[in-house]
Amino acid sequence: QIQIEDDRTGIDVQTLKRAFSDNLFYALGKFPEIATKNDFYMALAYTVRDRLLRRWLNSQETYLKQDVKIVCYFSAEYLIGPQLGKNLINLAIVEQVRQAVEECGLNLDDLIEQEEEPGLGNGGLGRLAACYMDSMATLNIPAIGYGIRYEFGIFDQEICEGWQVEITDKWLRYGNPWEIPRTEATVEVGLGGYTESFYDENNRYRVRWLPDRTVKGVPYDTPILGYKTNTANTLRLWKAEAPESFNFQAFNVGDYYGAVNEKTYSENITKVLYPNDEPIQGKQLRLEQQFFFVSCSLQDMIRLHLATQENLDNFGELFAAQLNDTHPSIGVAELMRLLMDVHDYEWEQAWEITQKTFAYTNHTLLPEALEKWSLGLFGSLLPRHLEIIYEINRRFLHEIRTHYPNDVSKLSNFSLIDETGEKYVRMAHLACVGSHAINGVADLHTQLLKQDVLRGFYELFPEKFTNKTNGVTPRRWIVLSNPELTELITSKIGDNWITHLEELQQLEPFADDPNFRNAWRQMKQQVKTRLARRIEKRCGITVDPNYSLFDIHVKRIHEYKRQHLNVLHIITLYNRIKKNPNIDIVPRTFIFGGKAAPSYFMAKLIIKLINSVGEVVNNDPDVRGRLKVVFIPDYNVTNSQPVYPAADLSEQISTAGKEASGTGNMKFSLNGALTIGTLDGANVEIRQQVGEENFFLFGLKAEEVSQMKSQGYNPWEFYSSNEALREVIDQISSGLFSPEESNLFKPLVDSLLYHDEYMLLADYQSYIDCQDRVSEAFRDWDNWTRMSILNTARMGIFSSDRAIREYCQDIWNVQAVPVKLED
Ligand SMILES: CCc1ccc([C@H](C)CC(=O)N[C@@H]2O[C@H](CO)[C@@H](O)[C@H](O)[C@H]2O)cc1
């Protein structure tokens with residue numbers, strides 16, 4: 001048995017200090033006098049990593065030895081955020097490490113700020129995957145997160161003269177102490193080429209695929225440690241490399257580019273994350289990325305399986321593979337290929353194993369986000385998979401014919417092939433047919449999936465459909481982000497709530513305790529002040545954390561999320577002040593944050609509008625600082641952590657029926673913010689939990705939206721019949737906020753007046769009236785505090801632990817496997 005000296009595992013201050021300076025010296029080759037802040041961060045990261053390795057290796061060993069069923073989460077995106085702070089909390093060694101580095105003359109928070117976060121995702125979907133990885137480990141569920149190790153993650157955002165500017169995200173420039181390359185587990189992936197059929201020695205009809213190029217997939221493993229448990233699961237992210245990194249023959253004949261272009265070509269596959277958060281682009285490289293990581297992962301699972309099992313017959317009993325949206329759904333065809341072409345299974349058994357293995361989660365209703373690939377592109381890159389998809393479709397449509405004997409329209413509705421135009425493969429249909437379970441991410445969303453986007457599949461396979469309302473991990477979003485609130489809660493109900501969030505309910509009685517309300521208000525003041533300092537430092541804008549209502553709207557910029565409706569409210573308030581500067585208005589600090597997809601013109605214009613209105617409002621003497629508008633640049637996991645705790649009001653104002661769930665809404669409410677929102681996504685369930693009296697509701701419901709649309713919605717009517725609205729719209733189109741270019745926002749105004757896809761004008765008055773109710777409520781700060789406490793107390797079900805327990809029970813049929821920490 002390997003003897004691990006105390007230096008690697010001890011968690012007392014002295015041992016940590018010694019280990020820290022040892023790592024600085026031996027791992028970084030530095031001594032304090034010449035070390036940079038990043039060296040100190042790296043040395044600390046290695047010291048902390050040492051202390052979770054035993055758990056990690058023990059977990060892997062346990063899974064291997066015990067034939068346990070393992071969850072394999074397939075996601076093209078993981079927004080795991082900075083790891084140091086989270087690992088210190090999950091190892092429960094924050095204070096020891098804080099003291100150890102302090103005794104070395106350093107500050108732990110400064111070192112934590114040093115970490116470059118792996119921005120390997122766009123938004124909700126990627127962050128959900130990260131919260132779920134934290135919960136699976138904390139619940140001792142054996143799991144592997146499979147994904148892509150992008151060399152460049154989501155771009156860094158700078159704001160120049162109010163405009164978004166994208167900066168390449170060189171997150172690996174200083175190295176990544178949390179990952180370990182596993183070159184021994186490298187696999188090969190084919191692309192392109194053609195197929196040929198033959199009869200094998202048993203005279204069985206077989207097909208082989210002859211790709212015209214292969215790429216190596218090298219896995220990089222990151223430990224995902226659970227909270228106060230011995231379980232550490234693995235996040236396995238694949239990097240593409242050229243089989244031959246240097247072609248000597250080409251070099252010898254002087255073709256220097258030829259010598260390396262195979263290398264560059266292959267490595268391009270995992271070079272960069274696609275920064276789009278909804279609209280697809282159907283780019284070949286995107287399909288190559290999806291197929292690459294899925295094929296690597298399935299080959300890896302088959303290797304793991306055959307390490308302990310005879311054959312693949314029970315593959316679906318020992319692996320539960322979750323498809324995080326359609327991005328990895330090519331996996332259905334790839335597993336069929338591996339089972340039939342490589343492991344000699346007959347179609348029927350292969351199909352049975354495939355359906356048993358896969359389950360599919362849908363995260364969006366937006367038609368433009370449902371992935372479909374042109375047959376041309378698909379067939380040239382994946383000829384064998386297209387054949388398999390045709391056969392899946394043939395057998396499926398045969399089933400449809402028996403089910404709906406004389407209804408040919410059903411065939412085209414259900415078909416995996418969209419016969420219109422260039423003809424496409426519908427990835428959502430492949431995912432639905434190839435999976436044993438399908439789920440939406442909030443009650444309303446799953447309902448709308450059953451009624452609309454996946455209606456046919458629901459009628460055909462009602463038993464496959466369940467809802468799994470999203471959740472967030474309380475470890476990062478309360479304990480790490482809001483130590484002040486954590487302290488206050490734990491002082492009253494102990495700390496079991498951190499893994500049993502439903503226990504927050506025990507806070508309810510304290511809402512009636514004036515002393516507790518005072519303590520709560522002070523806590524909120526403290527965290528608002530912390531954010532105010534950060535805004536001062538990064539945006540150079542002074543905001544008032546004591547008397548102004550922090551009204552926060554942070555998420556990806558998208559027209560359906562209606563950041564521009566929020567701006568209409570700001571201008572409305574501004575006009576009230578301009579009309580009567582002595583008006584008694586509740587001071588507001590409007591805080592925005594979010595990235596726009598680089599090719600999304602309207603979203604980028606909305607960012608400019610927010611900053612342009614801010615420019616005018618923040619500097620207008622009549623306003624006297626009673627309104628402040630701030631756009632926090634580069635909104636990501638790191639920058640979001642001081643934001644959620646500091647909100648008084650959480651903006652969740654999407655057009656009803658458009659936001660699948662939302663998860664920011666949960667993070668805000670758990671941190672005591674009150675929500676202003678529509679009956680959309682998980683807002684519906686949040687309102688049910690916290691009580692309608694503790695939620696500011698406005699706007700059209702989903703069915704009213706579709707009704708108004710079907711009856712021919714004319715936004716102009718709202719414009720012409722509402723004076724306040726007309727004034728606001730006219731000011732925007734007149735150039736009041738863009739003196740340098742009066743027509744700058746014309747595209748935005750025209751889209752609202754002539755189309756208004758997301759019903760802003762229809763919801764304007766209801767929103768304004770609701771905001772006025774918010775201001776009135778905020779005047780009674782003691783009652784506001786009471787509502788804030790009740791919000792936190794009643795948000796227990798929105799823990800990702802609850803969501804994962806439901807997945808384990810209803811979809812994966814997986815049990816917890818305790819890991820013993822033996823030497
Ligand atoms: C192909 C481009 C692309 C990339 C990402 C996506 C994601 C599905 C978008 C996304 O992040 N959806 C969000 O998922 C969250 C987690 O379930 C939900 O809470 C959000 O409501 C949903 O917008 C669609 C299309």
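The model shown is predicted, which means the values in this text are computed figures rather than measured ones. Counting starts at 1 for both ligands and their atoms, following the listed order.
Every atom of ligand 1 with a heavy atom of R286 under 4.0 Å away is listed here by number and element: 1 (C), 2 (C). The contact set between ligand 1 and E659, taken as ligand atoms under 4.0 Å from a residue heavy atom, comprises 20 (C), 21 (O), 22 (C), 23 (O). Close approach of ligand 1 to Y560 is summarised as follows: ligand atoms under 4.0 Å from at least one heavy atom of the residue are 23 (O). Close contacts between ligand 1 and G662 involve ligand atoms 18 (C), 19 (O), 20 (C), 21 (O) [criterion: under 4.0 Å to a heavy atom].
If you check each of M666, H327, K658 against atom 5 (C) of ligand 1, the one with the closest non-hydrogen atom is H327. In this structure, of N470, V472, V441, the residue bringing a heavy atom nearest to atom 16 (C) of ligand 1 is N470.
Between F74 and H327, the gap from one ring centroid to the other reaches at least 6.0 Å. A distance of 6.0 Å or more separates the ring centres of F414 and H429. W477 and Y644 have their aromatic ring centers within a separation under 6.0 angstrom.
Residues that satisfy the side-chain contact (heavy atoms from CB on, under 4.5 Å) test with D134, not counting sequence neighbours, are K86, N90, T138, T473, R475.
Note: an N/O pair closer than 3.5 Å links L125 and ligand 1 by distance alone. Of the polar atoms of E371, none of the N or O atoms is found under 3.5 Å from an N or O of ligand 1, judged by distance alone.
Using a 4.0 Å cut-off between a side-chain N of Lys or Arg and a carboxylate O of Asp or Glu, E422 and K372 do not qualify as a salt bridge.
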Next item on the list: Take K701 and D680 through the test salt bridge (charged side-chain N to carboxylate O under 4.0 Å, His left out) and record every step on the way to the result.
Entry: CA-CA 8 Å; K701 297 184 180 59; D680 195 19; over 6 Å; no
